[in-house]
Amino acid sequence: RQNLPAGAVFRAQTSCGSTREHPSFKNARSFAGARVKMLGSPTLMTSCQIVENRQPVFLLKYAQLSKRFGTIRRIDCKSKGNHIMNIVLLGAPGAGKGTQAAKLVEEFGTPHISTGDMLRAAVKAGTPLGKKAKSYMDAGDLVPDEVIIGLVTERLQDPDTEKGFILDGFPRTSAQAVALDAELSKLERPLDAALLIDVDFEVIVKRLTSRRMCRECGYIGTATDASCPKCSGEMYQRDDDNEATVRNRLDVYEKSTSPLIDYYRGCDLLVSIDGDRDADVVYADAKQALEL
Ligand code: AMP
């Protein structure tokens, strides 16, 4: 027997290396201070039982868990600490990933890792990475995997990501998803969820061709914003927000990125929400879906 730490979380590690909080998490949390009995070896748990006042209150059986999670390699009991969320935002360009990420950052302070923003900053600064990426970005094509994987892997080493991160625009290919899993597994900071913001492509074409961004604070507005409503900065249109490039970006998304929806569904990490609504409504839905 061992004490259940305050705010304990049961995590089941699935066959693809991701972990999910077990549905008993909420119960487990409310039993903070109760005792937990682990059955099986610490690295390959077969089941675990939470007991309170010597009465078993919860028994998680391997069979029940594996039914929900697939093959389980490990179940462990960790303190949640200051961890907030490790999430990937999925969705076509223009689905509203950046908008939703900005809201999550504002409320939770979790670092927002947007590969598009990182690449645009590199292009603006004229770094070797920026020079390499520019032609791909202008055409709406993907920057080579090895370039982008290196960029994200490096960013994930920064200590601010220990409390969580919101990955936006990455992964975009299966190779990137596999590399991300490997890196997060190495860092022992697995994903909590992949949030898919689902929007019809024709809605996206309209949205993106009228999208304007603030040069100063990155605010995402529309063609009707003469200046930034947040900081009065200058609004501009991204080079790749013209119709031809938008259509190519959607083709690239369909071909290279949309298979990731099934990938994360297979890991039981996929959470899908309808993104064709007011941004605040989408946000409320996202928080509920992410159990935040
Ligand atoms: P975004 O702002 O996420 O729409 O990204 C803008 C452009 O940056 C994309 O059209 C790609 O050219 C490039 N890019 C961003 N993230 C990635 C990624 N994960 N893999 C490859 N290219 C990317």
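We count ligands from 1, going down the list as the structure has it; atoms in each ligand are counted the same way.
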Query raised in the report: N/O of Arg120 under 3.5 Å from N/O of ligand 1, yes or no?
Result: yes
Give the residue and atom name of whichever protein heavy atom lies nearest to [atom], and the separation in Å to one decimal.
| atom | answer |
| --- | --- |
| atom 18 (C) of ligand 1 | Arg172 CD, 3.5 Å |
| atom 20 (N) of ligand 1 | Gln176 NE2, 2.9 Å |
| atom 22 (N) of ligand 1 | Val143 N, 3.0 Å |
| atom 13 (C) of ligand 1 | Leu119 CD1, 3.5 Å |

Query raised in the report: Backbone, side chain, both or neither: what part of Arg238 comes under 4.0 angstrom of ligand 1, heavy atoms only?
Result: side chain
**Report entry** Mode of Ile148 contact toward ligand 1 - side chain, backbone, both, neither (heavy atoms, under 4.0 Å)
**Finding:** side chain
Query - Gln288 atom CD: more than 12 heavy-atom contacts under 6.0 Å - result: no
Identify the heavy atoms of [X] and [Y] that sit nearest to each other, and give their distance.
| X | Y | answer |
| --- | --- | --- |
| Ile220 | Met213 | CG1-SD, 4.1 Å |
| Pro93 | Ile204 | O-CG2, 3.1 Å |
| Leu90 | Pro171 | CD2-O, 4.4 Å |
| Ile273 | Ala289 | CG2-CB, 4.1 Å |

Counting each atom of ligand 1 from 1 as listed, which ones have a heavy atom of [X] under 4.0 Å away?
| X | result |
| --- | --- |
| Gly169 | 16 (N), 17 (C), 18 (C), 19 (N) |
| Thr115 | 15 (C), 16 (N), 17 (C), 19 (N) |
| Arg249 | 4 (O) |

Requested in this report: State, yes or no, whether a side-chain contact exists between Leu129 and Leu151 at a heavy-atom distance under 4.5 Å.
Outcome: yes
Query raised in the report: If we only count heavy atoms from C-beta on, is the Ser256 to Leu142 side-chain gap below 4.5 Å?
Result: yes
Requested in this report: Please confirm whether Lys97 comes under 4.0 Å of ligand 1, counting heavy atoms of the residue only.
Outcome: no
Requested in this report: Name the option, out of Val152, Asp141, Val246, that contains the heavy atom nearest to atom 12 (O) of ligand 1.
Outcome: Asp141
Query - Stepwise salt bridge (charged side-chain N to carboxylate O under 4.0 Å, His left out) check, Lys103 with Glu106 - result: CA-CA 5 Å; Lys103 288 178 182 291; Glu106 195 173 317; over 6 Å; no
